[in-house]
Amino acid sequence: MYHPRKNNLIFNFFSWYIQFIIKKDFAAFNYDQMKVKSDASVLVLANHFSWWDGFFLFYINKKVFKKQFHVLVNAENYNKVGFLKYLGAFAAENKGKDVLSTLDYAGKLLNDPSNLVLVFPQGKLYSNHLKNISFEKGVMQMINASQKKINIIFAATFIDFFAKRKPSAYTYLQHWENEEYISLQLLKSAYNKHYDQSLIKQNQIIE
């Protein structure tokens with residue numbers, strides 16, 4: 001599998017750069033404030049519709065969660081976007097056993113309360129206008145590979161222009177108080193409930 005790399009200089013530069021391009025390219029970036037248990041890691045499950053998604057959550061982690069950022073990406077993006085590996089990106093190199101070992105690695109990351117792991121359960125990019133978010137099976141394999149002492153956070157992001165030349169981005173966050181028993185269906189259902197409620201809030205914005 002492809003592991004994250006350490007380089008403080010590169011990390012600090014892109015940490016600044018992500019904040020810079022979000023402020024430059026967006027009229028506003030709105031997100032919820034929340035507290036999480038400090039003695040547990042954070043697993044963020046988010047919709048995936050754009051190149052920006054990981055950067056939005058990286059920025060939110062810097063401002064809200066303040067954990068060590070990690071994100072599961074595909075091998076193509078890991079290799080194509082060279083700096084991602086220095087921002088905590090990891091990926092399965094091949095299909096099959098390597099995918100399982102990558103999910104196991106993610107589970108181990110979640111055992112450390114100083115870590116945050118971002119996952120896009122859809123696995124691929126889809127439109128921002130979807131009514132329902134699909135979940136790949138790997139999400140549960142990752143959770144089951146951990147000790148399950150996790151803050152599970154749902155993130156739903158939407159973009160609108162309204163009367164401005166630049167778009168505004170909105171990320172709605174929910175701290176899901178999960179049951180002791182978690183299934184893929186339960187997780188998907190709870191996430192989609194949050195997604196639906198977030199979409200209602202988004203549709204109520206008038207400028």
If every non-hydrogen atom of [X] is compared with every non-hydrogen atom of [Y], which pair is closest and at what distance?
X: Val73; Y: Ala91; result: O-CB, 3.2 Å
X: Pro121; Y: Ala46; result: CD-O, 3.2 Å
X: Val119; Y: Val139; result: CG1-CG2, 4.4 Å
X: Ile150; Y: Val42; result: CG2-C, 4.3 Å
X: Lys66; Y: Lys62; result: CG-O, 3.6 Å
X: Leu125; Y: Phe49; result: CD2-C, 3.4 Å

### Task
Answer yes or no: does atom OH of Tyr17 have more than 12 heavy-atom neighbours from other residues, nucleotides or ligands under 6.0 Å?
no
### Task
Check whether more than 12 heavy atoms from other residues, nucleotides or ligands sit under 6.0 Å from atom NZ of Lys108, and answer yes or no.
yes
[atom1]/[X] to [atom2]/[Y] distance, rounded to the nearest 0.5 angstrom?
X: Ser168; Y: Ile159; atom1: OG; atom2: CD1; result: 9.5 Å
X: Ile21; Y: Trp16; atom1: CD1; atom2: CH2; result: 10.0 Å
X: Phe120; Y: Leu45; atom1: CZ; atom2: CG; result: 10.5 Å
X: Leu118; Y: Ile153; atom1: CG; atom2: CD1; result: 12.0 Å
X: Ser127; Y: His48; atom1: OG; atom2: NE2; result: 13.0 Å
X: Lys188; Y: Ser134; atom1: NZ; atom2: OG; result: 6.5 Å

### Pair Gln202, Asp160: side-chain N/O donor-acceptor within cut-off below 3.5 Å
yes
### Query
In terms of side-chain heavy atoms, does Ser50 have a donor or acceptor partner in Asp53 at a distance below 3.5 Å?
yes
### Query
Does the pair Lys124/Glu136 count as a salt bridge with the N-to-O cut at 4.0 Å?
no
### Query
Is a salt bridge present between Lys131 and Asp196, judged by a nitrogen-to-oxygen distance below 4.0 Å?
no
Does the side chain of [Y] come within less than 4.5 Å of [X]'s, by heavy atoms?
X: Asn203; Y: Leu199; answer: yes
X: Lys149; Y: Asn111; answer: no
X: Tyr105; Y: Met1; answer: yes
X: His3; Y: Arg5; answer: no
X: Tyr59; Y: Tyr31; answer: yes
X: Lys193; Y: Gln174; answer: no
X: Thr157; Y: Tyr170; answer: no
X: Val44; Y: Ile152; answer: no

Mark yes or no for whether [X], through its side chain, and [Y], through its backbone, hold a donor-acceptor pair below 3.5 Å.
X: His194; Y: Tyr172; answer: yes
X: Asp112; Y: Ser114; answer: yes
X: Asn79; Y: Ala75; answer: yes
X: Asn61; Y: Lys67; answer: yes
X: Ser41; Y: Leu110; answer: yes
X: Ser189; Y: Gln185; answer: no
X: Tyr191; Y: Ala155; answer: yes
X: Lys166; Y: Lys24; answer: yes

Should [X] and [Y] be counted in the same cluster of Ile, Leu, Val, Met, Phe, Trp and Tyr side chains packed under 4.5 Å apart?
X: Trp51; Y: Leu87; result: yes
X: Phe55; Y: Phe14; result: yes
X: Ile182; Y: Ile133; result: yes
X: Leu57; Y: Leu72; result: no
X: Leu186; Y: Leu43; result: yes

### Message
In terms of relative ring orientation, are Trp176 and Phe154 parallel, tilted or perpendicular, with 30° and 60° separating the classes?
### Response
parallel
### Query
Between Phe56 and Trp52, what is the ring plane arrangement, given parallel below 30°, perpendicular above 60°, and tilted in between?
parallel
### Query
What do the steps show when you test Phe158 against Tyr195 for ring pair (Phe, Tyr, Trp, His ring centres under 6.0 Å), and what is the final call?
CA-CA 10 Å; Phe158 304 97; Tyr195 184 82; 5.4 Å; yes
#### Entry: Passing candidate, ring-ring contact (aromatic ring centres under 6.0 Å, His included) with Phe58, options Phe65, Phe11, Phe29
Phe11
### Message
Quick check on side chain to side chain donor-acceptor pair (under 3.5 Å): which of Lys37, Lys35, His175 does Asn151 satisfy it with?
### Response
His175
### Message
Given the ring of Tyr78, does Lys85 sit roughly above its face, with NZ or CZ under 6.0 Å from the centre of the six-membered ring and within 45° of the axis?
### Response
yes
